[in-house]
Amino acid sequence: MVASQILNHLLFSSFMVMAIFMRSSMSKFSEQFPSTVSIKRMEKMTRFHFYFHDIHSGKTPTAVRIIARAQNGGAGNFGTTFMMDNPLTEEQEPESKLVGRAQGMYAFASLHDPGLLMVLNLAFVEGMYNGSSISILGRNPVLENVREMPVVGGSGLFRFARGCALAKTITYNPKTNDAVVEYNVSVVHF
Ligand SMILES: *[C@@H]1O[C@H](CO)[C@@H](O)[C@H](O)[C@H]1NC(C)=O
Ligand SMILES: *[C@@H]1O[C@H](CO)[C@@H](O)[C@H](O)[C@H]1NC(C)=O
């Protein structure tokens, strides 16, 4: 190639690059990045251990029934739905340090056994996690010793989170329905 051809070639290819750059920067609605960019980001893993207090009794219940059992509710109390804003504490005792709240719903979604559909956000208030949240969506067969539920996302420090939550009932009062549940939550996030 003679010098002018090389120059033309360089000019033309930088023009192409500019054109592509301009085109992608003009569309504000979405942007795509080469996957290598995300591969270079460091993934972190965070594990949590806390106690969830499902309080139905007393002056300030934190879980309330919002939908009654269906007429054909069967053995599973099918249809019964609760809304909660349950405290999450560091230790089993309800007076121990508050680390966050479990805000969301749980509904009896099985006709045959007490199998709950859980839809909730863990809204943290403790230290660097204050303001960040983790979203859980899963099945919770409450009579089983340990239940596993998927972490489907998160916000703040837990952007792009995925992971799993393990739940185990520590105490349950059948008269009041009050329960304390131990949670181990593991999340992978950026
Ligand atoms: C968490 O953040 C909120 C809002 O910024 C603030 O009011 C609150 O005091 C913080 N809580 C803790 C425990 O740091
Ligand atoms: C949570 O993890 C601790 C420590 O590994 C363990 O003793 C406990 O049984 C676990 N609980 C659940 C519900 O997974």
Side-chain angles (χ1 to χ4, degrees), residues 41-65 75-78 80-190:
R41 282 191 201 157
M42 251 254 281
E43 278 195 341
K44 296 169 207 120
M45 179 167 224
T46 304
R47 288 207 176 98
F48 291 99
H49 178 254
F50 52 79
Y51 294 86
F52 164 108
H53 301 267
D54 199 36
I55 308 162
H56 296 259
S57 67
K59 277 192 196 141
T60 52
T62 60
V64 294
R65 200 183 69 185
N77 270 325
F78 188 63
T80 316
T81 304
F82 292 83
M83 183 72 81
M84 69 180 145
D85 184 358
N86 283 344
L88 307 173
T89 61
E90 206 166 56
E91 306 294 337
Q92 193 180 322
E93 295 70 36
E95 313 77 38
S96 67
K97 188 176 187 180
L98 184 81
V99 295
R101 306 195 73 90
Q103 299 177 332
M105 289 187 280
Y106 57 89
F108 287 77
S110 167
L111 278 169
H112 315 288
D113 49 41
L116 302 181
L117 160 69
M118 308 288 289
V119 185
L120 66 129
N121 296 311
L122 303 175
F124 295 105
V125 297
E126 166 57 18
M128 67 189 274
Y129 303 111
N130 190 10
S132 294
S133 69
I134 287 176
S135 300
I136 291 176
L137 172 65
R139 179 173 141 78
N140 183 3
V142 285
L143 295 185
E144 283 178 21
N145 187 32
V146 177
R147 292 89 66 184
E148 181 187 330
M149 291 166 267
V151 168
V152 295
S155 74
L157 279 179
F158 304 112
R159 235 175 244 179
F160 299 111
R162 58 196 190 281
C164 81
L166 296 175
K168 182 182 182 182
T169 304
I170 303 294
T171 64
Y172 173 66
N173 182 334
K175 278 198 195 121
T176 60
N177 283 327
D178 288 355
V180 177
V181 184
E182 181 191 25
Y183 269 80
N184 283 328
V185 181
S186 303
V187 290
V188 175
H189 54 95
F190 289 127

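In listed order, ligands and their atoms are each counted from 1. This structure is a prediction, so every number in the text was calculated from the model and none was measured.
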Could you list, one pair per line, each nitrogen or oxygen of ligand 2 together with any protein nitrogen or oxygen closer than 3.5 Å, giving atom names and the distance rounded to 0.1 Å?
residue, atom, partner, partner atom, Å
ligand 2, 2 (O), Asn184, OD1, 3.4
ligand 2, 2 (O), Asn184, ND2, 2.4
ligand 2, 11 (N), Glu182, OE1, 3.3
ligand 2, 11 (N), Asn184, ND2, 2.8
ligand 2, 14 (O), Asn184, ND2, 2.9

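Evaluation of the ring-ring contact (aromatic ring centres under 6.0 Å, His included) rule for Phe52 yields Tyr183 as partners, not counting sequence neighbours. Not counting sequence neighbours, the partners of Thr80 by the side-chain contact (heavy atoms from CB on, under 4.5 Å) test are Arg65, Arg69, Asn77, Phe82, Phe108.
Counted by atom type alone, Asp178 and Tyr172 present zero donor-acceptor pairs between their side chains at under 3.5 Å.
Of all heavy-atom pairs between Val188 and Glu43, the closest is CG1-OE1, 3.4 Å.
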Return a table of donor-acceptor pairs under 3.5 angstrom between the side chains of residues 129-137 and protein atoms on other chains or two or more places apart.
residue, atom, partner, partner atom, Å
Ser132, OG, Leu157, N, 2.9
Ser133, OG, Ser155, OG, 2.8
Ser135, OG, Asn121, OD1, 2.7

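Using a 4.0 Å cut-off between heavy atoms, Val125 contacts ligand 1 through its backbone alone, with no side-chain atom that close.
Electrostatic pairing of Glu144 and Arg139 does not count as a salt bridge here, judged by no charged N lying under 4.0 Å from a carboxylate O.
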